[in-house]
Amino acid sequence: MSAMELEPQTKASQRSAPDTVRLTTAQALVRFLNQQYIDVDGEVTPFVEGIFAIFGHGNVLGLGEALQEDPGHLKVYQGHNEQGMASTAIAYSRQLYRHKIFAVTASAGPGSANFVTAAGNAYVNNIPILFLPADTFATRQPDPVLQQIEVDGSATTTTNDTLKPVSKYWDRVERPEQLMSALLKAFEVLTNPATAGPVTVALPQDTEGEAFDYPLSFFKKRVHVVKRIQPSATELAEATQMIKASHYPVLIVGGGAKFSEAGPAIEAFSNKLKIPIVETPTGKSTVSSAFANNMGGTGVLGTAAANDVIAKADLIIGAGTRYTDFTTASKTAIDPEKTHIININLNRMQSYKFDGFPVVADVRDTITQLTNALSGYESGFTDLADTKAAWQKERNRLAHTNYDAPDFTPEVKNQFSPETLAEYAAKLKTHFTQTEAVIAVNDTIAPDSIMVAAAGSLPGDVQRIWDPVEPNTYHMEYGYSMMGYEVPAALGVKLAEPDKESYALVGDGSFIMLHSELVTALQYHKKINILVFDNSGFASINNLQMAQGSNSYLTEFRTADHDILTIDFAKIAEGYGAKTYHANDRESLIAALEDAKKQTVSTLIDIKVLPKTMTQGYGQSWWRVGVSEVSDNPKVQKAYRAIQEGIDQAFKY
Ligand SMILES: Cc1ncc(C[n+]2csc(CCOP(=O)(O)OP(=O)(O)O)c2C)c(N)n1
Ligand SMILES: O=C1C[C@@H](O)[C@H](O)[C@@H](O)C1=O
Ligand SMILES: [Mg+2]
């Protein structure tokens, strides 16, 4: 929860100041944004760093004019794609543990519609971002205006209504004075860790420029206090008892643990009580991969070590996890009828999942209190070092997979024939395997560099084989798994941590889909590094399709005459002004990475990799997907039966 405090000095000075100030809605908005502060563990900092803008007729004369006149401390950047610049804003806030945000503004109609995908991303991941889409005229005098959809059944429905289901708070300011209540509500939501997420305040074009005598009190410095909610005595006592009664407790580190900055507390807990930890994609790098009891990523994309301890667990402690299908192997890896569950979460709904015992509280402080309450307790896990060592051995094998070895079989087996793989090798001019490439990157870049990934086969690879040693260096968006997040997010990360290198690990499909903010990075001299893993296709979906009995269909990038498509991604980025490289083996990749470190300009390495050479499942890694019940293909029929067997095993809700 957050509470808002008004500074006493500001209150006093206001008494002698004039009561009102005449401003346009947009001017008032900018002034208000300048006055929002956040208090996290006693440290007070400005909450709104700046604003990304793409102007059109809907926002250039109102909000654009207000920003031009006086942005205050706000840093104003030009974006190049609304979804892209919003992704930059999301990554910025996420990297800073949600302690700071960017607002984003777009023109009415298509510009605002481009926000929707990014808003979904922010919603799923609980990331605060303020969307300021322009809207059609409140007066309706010139209706229909350019870009107005003119909905038949309702004059109040505009493009911006598409942002409603992906906003935690949504408002449309049709009169200047409405701005005040709208923004007060908006900032409560944005700064409250239990509700944080995307907020939309739609701004009709005419209202933006209309003036009102705003009370000066509205522009007081406002400090939103992030409170660490403590567990109740009952919650603490019951959770302590449940851990004491267990022999094989396992703690799942989720995104909530990361946002609570619970890493040191979790290490102390795990060390003292000998409780292994496993990680969700968002939770990774809360605790160092080097920490002895950290078994790594869990679930469908998990390591053998993590999935082993989960299989053995008689108690799961979910620390800030939403228990998505990827974490629970579609509810087959965790069975609350056999395993006790404690859920520590700020969000009550999340804490109810799997019928767990809910502890509705801050993760860091709850874990610390449990550590203190459990003196004398040790789990029955005695072989964690061996379990972890066995996984490290497997990681080492994956670092050296060799297409040229006589006994080579790809990690993803029985899908492409040797001839098809050879065709890829010849066309892409590579024998490089994806696992070898990913591990080479992990081992070559500076440990404090921040990697970003989101979609395709890379999230699975890195969940298993990327070892983040330094805290908060693993920036994974796997809630919405939004293709195209990677490049703009690398810029958001760079803005958040300017002294560190940021690397986007991106598939060729994702890169093609959205990389406009590379231009923004170049324009504002913010160095990002883009690593394109080019396997000429939507390879992860091709894997999924073929694993479920279907033929390869529309998931490889082939020309109309069935040739494998080859694209020079380095040349594309060179055209924008980036320093670029080609890599098709370990040596060329490492040389490129080393040279890229010396650059001050953004870089792109075009890494050609073979399909089917990404990692595959370990342990309980079933994923429920929608296989066809009726098909002429016997392989699809078989896959359908297998899915039904999985469903029989799965926990039902
Ligand atoms: C915006 C968006 N559209 C579609 C998808 C579905 N999807 C997930 S992975 C994928 C293919 C990704 O291809 P690429 O980036 O080349 O990575 P690869 O799978 O080849 O590793 C698709 C289409 C998605 N996650 N996001
Ligand atoms: O549909 C999907 C399948 C996943 O394997 C992939 O990582 C993800 O991006 C996705 O959208
Ligand atoms: Mg690909």
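Order of listing sets the numbers, starting from 1, for every ligand and every atom in it.
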| query | Looking only at side chains, do T159 and S112 share a donor and an acceptor under 3.5 Å apart? | reply | no
| Between F432 and Y403, ring centroids under 6.0 Å | no
| message | I'd like to know if the side chain of T603 pairs up with that of N529 as donor and acceptor (distance under 3.5 Å, no hydrogens or angles considered). | response | yes
| task | Compile the protein residues with any heavy atom at a distance under 4.0 Å from an atom of ligand 2; present them by chain, then by number. | result | A455, G456, Y478, S481, I541, W623
| message | For a quick check under 3.5 Å, do E497 and S502 share a side-chain donor-acceptor pair by atom type? | response | no
| query | Does the distance from a Lys or Arg side-chain N to an Asp or Glu carboxylate O, for E594 and K597, drop under 4.0 Å? | reply | yes
| query | Does a donor on one side chain sit under 3.5 Å from an acceptor on the other, for E556 and Y424? | reply | yes
| Is the number of heavy atoms from other residues, nucleotides or ligands under 6.0 Å of N414 CG greater than 12? | no
| message | I need the protein N, O or S atoms closer than 2.8 Å to the Mg ion (ligand 3), given as residue plus atom name. | response | D508 OD1, N535 OD1, G537 O
| message | Quick one about Q545 and T555 (side-chain donor to acceptor, distance below 3.5 Å, no hydrogens or angles considered), yes or no? | response | yes
| Checking S621 side chain against G619 main chain: does a donor-acceptor pair fall under 3.5 Å? | yes
| message | Measuring only between side-chain heavy atoms, which start at C-beta, is V116 closer than 4.5 Å to L163? | response | yes
For ligand 1, which of its N or O atoms have a protein N or O partner closer than 3.5 Å, and how long is each gap?
| residue | atom | partner | partner atom | Å |
| --- | --- | --- | --- | --- |
| ligand 1 | 15 (O) | G509 | N | 3.3 |
| ligand 1 | 15 (O) | S510 | N | 2.9 |
| ligand 1 | 16 (O) | D508 | N | 3.4 |
| ligand 1 | 16 (O) | D508 | OD1 | 2.7 |
| ligand 1 | 16 (O) | G509 | N | 2.7 |
| ligand 1 | 16 (O) | G537 | O | 2.9 |
| ligand 1 | 19 (O) | S457 | N | 3.4 |
| ligand 1 | 19 (O) | A539 | N | 3.3 |
| ligand 1 | 19 (O) | S540 | N | 2.8 |
| ligand 1 | 19 (O) | S540 | OG | 2.8 |
| ligand 1 | 20 (O) | N535 | OD1 | 3.1 |
| ligand 1 | 20 (O) | N535 | ND2 | 3.1 |
| ligand 1 | 20 (O) | G537 | O | 2.9 |
| ligand 1 | 20 (O) | A539 | N | 2.9 |
| ligand 1 | 21 (O) | S457 | N | 3.0 |
| ligand 1 | 21 (O) | S457 | OG | 2.5 |
| ligand 1 | 25 (N) | S481 | O | 2.8 |
| ligand 1 | 26 (N) | M483 | N | 3.2 |

| said: One thing to verify: whether K258 and E279 come together as a salt bridge, which I'm taking to mean a side-chain N less than 4.0 angstrom from a carboxylate O. | reply: no
| remark: side-chain contact (heavy atoms from CB on, under 4.5 Å) filter on V124, not counting sequence neighbours, yields R322, Y480
| Looking only at atom types and distance, does a side-chain atom of D508 sit under 3.5 Å from a main-chain N or O of G537, one as donor and one as acceptor? | yes
